[in-house]
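Notes for the one structure printed next.
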Amino acid sequence: MRIDVKNNIINNLKIMSQEDNQTFAHQVYAIIAAIPSGNVITYGQIAKMAGMPTYVRQVCLVLRRLPKESKLPCHRIINSQGYLSVKGDTYQKYKLKLIEEGIKFNHKDKIDLKIYGWNN
DNA sequence: TAAATGACTTGAG
DNA sequence: CCTCAAGCCATTT
């Protein structure tokens, strides 16, 4: 994705947070929806982009409360170490989706954030 | 009301 | 690279 397009999305999100009286959760939704296919984002990045850098754990709460039928690309969210944090059946499901989007896992199931991370 | 819990992050060693 | 402890804070127990 081109840098200017990326920055546009980020700027729009900032404007939203300033002008709209949106909840933290709604900003999290908007940010997740904006992650391009083929890219991943970390929990901490989401918190920062939502203007609440210390609300990492709240990002997790929001995610856990998402309905199963949600269409948000939650599989594109990984931890800062480069690993998928989800456990069990969801893990394989997310991994498959990421592979379909062209993301490569190394021999330890780790994703290279330098390559696939959606950097600001 | 108090304590435990988390799909986490960071820095130190 | 990896592990570990401390920090985090609304929600659950």
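A note on names: the letters A, B, ... follow the listed sequences, proteins ahead of strands, and every chain is numbered from 1. Since the structure is predicted, the reported quantities are computational estimates derived from the model, not experimental observations.
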Checklist entry - Can you tell me how far OH of Tyr29(A) sits from SG of Cys74(A), rounded to the nearest 0.5 angstrom? => result 9.5 Å
Item to check | Donor + acceptor pair across side chains of Tyr91(A), Asp109(A) (<3.5 Å) | outcome: yes
Checklist entry - Backbone N or O of Tyr116(A) within a donor-acceptor pair of the Asn39(A) side chain at under 3.5 Å? => result yes
Checklist outcome for this item: By nearest-heavy-atom nucleotide on DNA chain B, the more 5' of Leu66(A) and Lys48(A) is Leu66(A)
Item to check | Spacing of Asp89(A) atom CG and Tyr94(A) atom OH [to the nearest 0.5 Å] | outcome: 10.0 Å
Next on the checklist: Donor-acceptor pair, distance only, cut-off 3.5 Å: does the side chain of Gln27(A) make one with the backbone of Met49(A)?
Outcome noted: no
Checklist entry - Taking atom NZ of Lys48(A) and atom CD1 of Ile31(A), what is their separation to the nearest 0.5 Å? => result 12.5 Å
Item to check | Sequence-distant partners of Glu101(A), side chain to side chain donor-acceptor pair (under 3.5 Å), two or more places apart | outcome: His75(A), Arg76(A)
Checklist outcome for this item: Ranking Lys108(A) and Arg65(A) by the position along DNA chain C of their nearest nucleotide, the one closer to 5' is Lys108(A)
Checklist entry - So, do Ile35(A) and Val40(A) sit near enough that their side-chain heavy atoms are less than 4.5 Å apart? => result no
Item to check | By side-chain contact (heavy atoms from CB on, under 4.5 Å) - contacts of Lys110(A) (at least two apart) | outcome: Tyr83(A), Asn106(A)
Checklist outcome for this item: Of Leu113(A), Ile103(A), Ile41(A), the one forming a side chain to side chain contact (heavy atoms under 4.5 Å, CB included) with Ile78(A) is Leu113(A)
Checklist entry - Taking atom OG of Ser80(A) and atom OH of Tyr43(A), what is their separation to the nearest 0.5 Å? => result 10.5 Å
Checklist entry - For residues 71-83 of chain A, which residues have at least one heavy atom under 4.0 Å from DNA chain C? => result none
Checklist entry - For residues 89-102 of chain A, which residues have at least one heavy atom under 4.0 Å from DNA chain B? => result Tyr94(A)
Checklist entry - What are the 5'-most and 3'-most nucleotides of DNA chain C lying under 4.0 Å from any heavy atom of chain A? => result dC2(C) to dT12(C)
Checklist entry - What's the spacing between Phe105(A) CZ and Asp112(A) CG if we round to 0.5 Å? => result 12.0 Å
Checklist outcome for this item: Output for pair (Lys97(A) NZ, Leu84(A) CG), nearest 0.5 Å, gives 12.0 Å
Checklist outcome for this item: Span of DNA chain B engaged by chain A, first through last nucleotide within the 4.0 Å heavy-atom cut-off, is dG6(B) to dT10(B)
